[in-house]
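Small disclaimer: the values here were computed from a predicted structure and weren't measured. All ligand and atom numbering here is 1-based and tracks the order in the structure.
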Amino acid sequence: MAREVRPPTSTRLDSYVDRYAARTQGMTASEIRALFSVASRPEVVSLAGGMPNISGLPLDVVANAISELVRMHGPTAMQYGSGQGDPTLREQICDVMRLEGIDAHPDDVVVTVGSQQAVDLVTRIFCDPGDVVICEAPSYVGALGVFRAYQCDVVHAEMDEHGLVPEALRQAIAAVKAAGRTIKFLYTIPNYHNPAGVSLARGRRAEVLQICRDADLLILEDNPYGLLGFDDEPYRALRADEADGVIYLGSFSKTFAPGFRVGWALAPHAVREKLVLAQESATLCPPSFSQMAVSSYLTSHDWLGQVKQFREMYRERRDAMVDSLSDLMPATARWNVPDGGFYVWVTLPQGVDAKAMLPRAVTARVAYVPGTAFFSDGFGAQSMRLSYCYPTPERIREGVRRLAGVLEAELELRATFGATPEGSHGAVRRGYEGPNTDLS
Ligand SMILES: Cc1ncc(COP(=O)(O)O)c(C=O)c1O
């Protein structure tokens, strides 16, 4: 006899709230996640999400590669595999990294479920609660979420239009050490930064490496956008000039497709062993099917030609974004012109709070991510991240037109009623002053 299935009586209150581990308190939905449900409505121009635009992928080529994979290697592709990842793919990953000057051995590569999992595994093996991770200001929201989940204390170091400022890094290291705290690594995105859109200037790279060498500080170099520059030569990776002190993370999410969830970490040998153990306890092994599908795509297709097409498409969208900003935004707003990747970082006129303005923007059918999402300390309210990767150039222009309208209205309100008391948007970033009390 069929049993009646009753819906749970209450889904609103979490009756488990007292039972979660302390680290769970750091796990909150990112501002981007909360936005996705609204921003994905067709009438909204979303300049918020950073989804790669894979509309140009040759689906017939991918379909053939996958069907051949199932026919020829099905039993292997659908079986558990090595915890470190498929050996053939690891060799191909070394070929990919060679494009950025890295000379690596496949033994030192661990395949992960996207580079997001690599951030998680590295944090898992290095960080105890209360350890400090230095991040750029601003930094990638997904990495900040990982650091929070492992109860790390994030200390930001300033960037400018040339990327991480070496002197700011020096000062952050000195301040944290003076406070008697342990820094586990510098997390950095040197190329086509998410969210700041800037790249670490070539002339600064050796200096950043030297500062970290002097401080005996490990670098976690996160580089998912490295091959998506708009100029011909990719930047030389930090890992290319420092094998011992750098863990390098890469991904096929932006150069091929994120749905396969294939990324990797290249680590010094001893660290690599720990990463494999962590990977085995997290997933047993990265998915064989995805790895072999990526591997056969790399073999059977001119994948670098495809990357070149992606770069041209993203460059056209970057142009649409910065041209529209120049044409339409109030003169007091500022932004950078990215030389690759997906993002523009906009600094709003003094006193405008991007987070407070967001509901009005969504009402005007445009979405962005407020800058506060990219800081661990509530800073960034006067900024926003705009993504140009996904919408067409026409939609980008329309989105910026709507955004500029909202901003003009905001400025008019302020002119009429006067400025509201300064919030975090007016705050000046202070130096490191001790552990973040939310985390300790
Ligand atoms: C800087 C950065 N790191 C890591 C990731 C995660 O990418 P994936 O897990 O798809 O490789 C992203 C995705 O947007 C990113 O922007």
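Of the possible polar contacts, none joining the Q279 side chain to the S281 backbone as a donor-acceptor pair under 3.5 Å is found. Side-chain N or O atoms of E158 include none that pairs as donor or acceptor with a backbone N or O of A168 at under 3.5 Å. Side chain of R385 to backbone of A48: a donor-acceptor contact under 3.5 angstrom is found.
Distance from atom 1 (C) of ligand 1 to its nearest protein heavy atom, with residue and atom name: D222 OD2, 3.5 Å. Among protein heavy atoms, the minimum distance from atom 5 (C) of ligand 1 is reached at Y140 OH, 3.4 Å.
The N/O atoms of S251, backbone and side chain alike, include one that comes under 3.5 Å of an N/O atom in ligand 1.
Every atom of ligand 1 with a heavy atom of I189 under 4.0 Å away is listed here by number and element: 1 (C). Atom numbering of ligand 1 starts at 1 in the shown order; those under 4.0 Å from a heavy atom of P224 are 1 (C), 2 (C), 3 (N), 15 (C). In the vicinity of S253, heavy-atom distances shorter than 4.0 Å reach the ligand 1 atoms 8 (P), 10 (O), 11 (O). Against a heavy-atom cut-off of under 4.0 Å, N194 is close to the following atoms of ligand 1: 15 (C), 16 (O). Heavy-atom proximity to Y225, at under 4.0 Å, picks out these atoms of ligand 1: 14 (O), 15 (C), 16 (O).
Nearest residue to atom 7 (O) of ligand 1 from S115, P258, P52, G49 is S115 (criterion: closest heavy atom).
Sorted by first and then second residue, the salt bridge (charged side-chain N to carboxylate O under 4.0 Å, His left out) pairs with a member in residues 102-113 form an empty list; sequence neighbours excluded.
Under a cutoff of 6.0 Å and an axis angle of 45°, R202 and Y235 form a cation-pi pair.
With sequence neighbours excluded, no residue forms a side-chain hydrogen bond (donor to acceptor under 3.5 Å, both in side chains) with T182.
Residue contacts with ligand 1 include K254, since one of its heavy atoms falls under 4.0 Å from the ligand. Under a 4.0 angstrom heavy-atom cut-off, F252 registers as lying outside contact with ligand 1. In this structure, R261 counts as a contact residue of ligand 1, since one of its heavy atoms falls inside 4.0 Å of the ligand. Using a 4.0 angstrom heavy-atom cutoff, G263 does not count as in contact with ligand 1. Residue contacts with ligand 1 do not include G142, since none of its heavy atoms lies under 4.0 Å from the ligand.
A parallel orientation is assigned to the rings of Y297 and F256, their planes being inclined by less than 30° (bins at 30° and 60°). Between F342 and Y314, the ring planes lie tilted relative to each other; the angle falls in the 30° to 60° range.
We find the CZ-CG distance between R236 and L99 to be 12.5 Å, quoted to the nearest 0.5 Å.
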